[in-house]
Amino acid sequence: MLRFLQSIFGSADQGGYPESLVREALERAVDATDPQLRAVSGYRKKLRSAVLRAIDHVVALVDALPPPTPVGLGVTEEAPAIRSFFISAIHMRKAIADDPGLAGFLQGPEGYSPRVVALLAVEKQEKVILGAGLSGDIVIHDVPQVTVSFDGHRFLDPAASEEETRQLLKRRAYDHLLSLALRRLTVLKGVRSDLERRRALLQAKLNLLKRGNWGFDLAEQGEKLDAPTVEERLARIEEQLLELGGDDHVFEAYLEAVTDVLGQPAEYLRAESETIFVDRMGIKRSEAAADAPELRLNELYNAEGRSLVVTLVALSGEELRGNVPA
């Protein structure tokens, strides 16, 4: 599976993917969401263009990342953005030593590579505090200030070369779109299951009402249901179920949901850049200064409201092996 995704994502031209590999990517989309989608007639044809748009999107997304920033285990010499991600050199060494992705790579067949490229992903936190500020020569207290901090450090998809890391990241982005499609299917199935449960309950109540309601209490929080009310609610539930896809077309509705996610990938996973100025105390400033350098951040956002600041980094294999426990 990794081989075919690397072949697709290693293609030089967007859209120029071998047919056999496109089909495998399509089948991966079905396997990762709901294999029963294969029951839909012509599912490959219906899903094909969406899969191609998704692949094109993740290829462009990862290719737009700047080249890796060299990173040593001492943060004082690093680029401003890298320094800002870590409180100290000790913090950096601990984050590297505790990272399971780097540890797994070092224990693998390429563990003795002289250079390791990975995607450093961190979560940016902003918080308003009350601090001190200057107005001319006067110190003013209780001034609202925004602090910026970074946590949740992870080194994703480490590899011996930048090319391989980018291929792995494209696979990761594609799979993330599939996970978002799966979550959407889960919601749809949950809604449908709840509607079907309510339909069965109302149908049972209606049957009892029509039989004279002997020995059955229909009171619910003071509400009395008569036959016309139950029939009206049943009709509304039937309409909602039809909107989700009738019993004969439920998998067509599920396939349409997957197609929607993959066919509009930028709506579900996008990249933005942000420039901020943060001083050594982690306070966000309005402009650059000697102690508040410009930080250009690359951020990934998904449709669930989650975001990560990401940057490609190049690490010394020798330093890693000396820092990460065997």
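The first residue in the sequence is number 1, and the count goes up from there. Predicted model, so just to flag it, every value in this text is computed and none were measured.
Not one N or O on the side chain of Arg183 forms a donor-acceptor pair closer than 3.5 Å with the backbone of Leu178. For Arg166 (side chain) and Leu65 (main-chain N/O), a donor-acceptor pair under 3.5 Å exists by modelled atom type. A donor-acceptor pair is defined here as one N or O able to donate and one able to accept, closer than 3.5 Å; such a pair exists between the side chain of Ser88 and the backbone of His91. With hydrogens and angles ignored, the 3.5 Å screen pairs no side-chain donor or acceptor of Ser307 with any backbone N or O of Tyr301. Using a distance-only test at 3.5 Å, with no hydrogens or angles considered, a donor-acceptor pair links the side chain of Thr165 to the main chain of Val117. Within the 3.5 Å criterion, the main-chain N or O of Phe85 finds a donor-acceptor partner in the side chain of His153.
The closest side-chain heavy-atom distance from Val30 to Arg38 is below 4.5 Å. Residues Ile55 and Tyr17 meet the side-chain proximity criterion, which asks for heavy atoms closer than 4.5 Å. Side-chain atoms of Leu312 and Leu169, non-hydrogen and from C-beta on, do get closer than 4.5 Å to each other. Residues Pro265 and Leu177 meet the side-chain proximity criterion, which asks for heavy atoms closer than 4.5 Å. Put simply, the side chain of Leu119 does not reach to within 4.5 Å of the side chain of Asp157, judged on heavy atoms. Asp98 has its side chain out of reach of Ile96: every pair of non-hydrogen atoms, C-beta onward, lies at least 4.5 Å apart. Contact annotation: the side chain of Glu304 approaches that of Leu180 to within less than 4.5 Å [non-hydrogen atoms, C-beta and beyond]. Residues Met92 and Val71 form a side-chain contact, since some pair of their non-hydrogen atoms from C-beta on lies under 4.5 Å apart.
Across all their heavy atoms, Glu294 and Thr275 have their closest contact at CG-CG2, 3.3 Å. Here the shortest heavy-atom pairing between Tyr174 and Ala54 reads CE1-CB, 4.2 Å. Closest heavy-atom contact between Val51 and Leu26: CG2-CA, 4.1 Å. Shown here for Phe105 and Ser113, the closest heavy-atom pair between the two residues is CZ-OG, 4.1 Å. Closest heavy-atom contact between Leu269 and His57: O-NE2, 2.6 Å. Ala29 and Leu262 make their closest contact through CB-CD1, 4.0 Å (heavy atoms, listed as atom of the first residue, atom of the second, distance).
Rounding to the nearest 0.5 angstrom, the gap separating the CZ atom in Arg93 from the CD atom in Glu319 is 9.5 Å. For the atom pair CD (Glu164) and CD (Glu162), the distance works out to 12.0 Å, reported to the nearest 0.5 Å. Between atom CZ of residue Phe150 and atom CD1 of residue Ile82 there is a gap of 10.0 Å, rounded to the nearest 0.5 Å. The CG atom of Leu120 lies 10.0 Å from the CZ atom of Arg154; values are rounded to the nearest 0.5 Å. Taken from OG1 in Thr259 to NZ in Lys46, the straight-line distance is 9.0 Å, to the nearest 0.5 Å. Interatomic distance, CG of Leu255 versus CG of Asp34, reported as 10.0 Å (0.5 Å rounding).
In this structure, a donor-acceptor pair under 3.5 Å is present between the side chains of Asn302 and His176. Donor-acceptor pairing under 3.5 Å is lacking for the side chains of Glu252 and Tyr43. Side-chain polar atoms of Arg184 and Tyr268 form a donor-acceptor pair below 3.5 angstrom.
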Before you tell me yes or no, could you show the steps for Phe155 and Val116 under side chain to side chain contact (heavy atoms under 4.5 Å, CB included), namely the whole-Å CA-CA distance, both residues' side-chain angles and the distance that decides it to 0.1 Å? CA-CA 11 Å; Phe155 293 85; Val116 180; over 6 Å; no
Worked verdict on Leu156 versus Arg172 for side chain to side chain contact (heavy atoms under 4.5 Å, CB included): CA-CA 9 Å; Leu156 303 176; Arg172 180 181 292 275; 4.1 Å; yes
Report the C-alpha separation of Arg321 and Tyr112 in whole Å, then their side-chain angles, then the decisive distance to 0.1 Å, and conclude whether the side chain to side chain contact (heavy atoms under 4.5 Å, CB included) test is met. CA-CA 8 Å; Arg321 289 186 289 275; Tyr112 282 89; 3.8 Å; yes
Mind running side chain to side chain contact (heavy atoms under 4.5 Å, CB included) on Asn298 and Ser273 for me, showing each step along the way? CA-CA 5 Å; Asn298 300 305; Ser273 62; 4.2 Å; yes
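Of the charged side-chain nitrogens involved, none lies within less than 4.0 Å of a carboxylate oxygen, so that Arg285 and Glu287 do not count as a salt-bridged pair. Salt-bridge annotation for Lys170 and Asp175: absent, with no side-chain N of the basic residue lying under 4.0 Å from a carboxylate O of the acidic one. No salt bridge links Lys284 with Asp279; every basic N to acidic carboxylate O contact stays at or beyond 4.0 Å. Between Arg23 and Glu27 no salt bridge is recorded (no basic side-chain N to carboxylate O distance below 4.0 Å). Using a 4.0 Å cut-off between charged nitrogen and carboxylate oxygen, Glu19 and Arg48 count as a salt-bridge pair.
For Arg296, the CZ atom sits in a loose shell: 12 or fewer heavy atoms of surrounding residues, nucleotides or ligands are nearer than 6.0 Å. Heavy atoms from other residues, nucleotides or ligands lying under 6.0 Å from CD1 of Ile129 number more than 12. Enclosure of atom NZ in Lys124 by more than 12 non-hydrogen atoms of other residues, nucleotides or ligands within 6.0 angstrom is indicated. By the neighbour-count criterion of 12 heavy atoms within 6.0 Å, atom CD of Glu123 is densely surrounded, having more than that number from other residues, nucleotides or ligands.
Tested against Val122, the residues Leu308, Val309, Asp151 include a single side chain to side chain contact (heavy atoms under 4.5 Å, CB included) partner, Val309.
Val146 and Ile276 fall into different hydrophobic clusters, defined by Ile, Leu, Val, Met, Phe, Trp and Tyr side-chain heavy atoms under 4.5 Å apart, directly or through other members. Under the 4.5 Å side-chain contact rule for hydrophobic residues, Val258 and Val250 share a cluster.
A search for salt bridge (Lys or Arg N to Asp or Glu O under 4.0 Å) contacts involving Glu256 returns nothing, not counting sequence neighbours.
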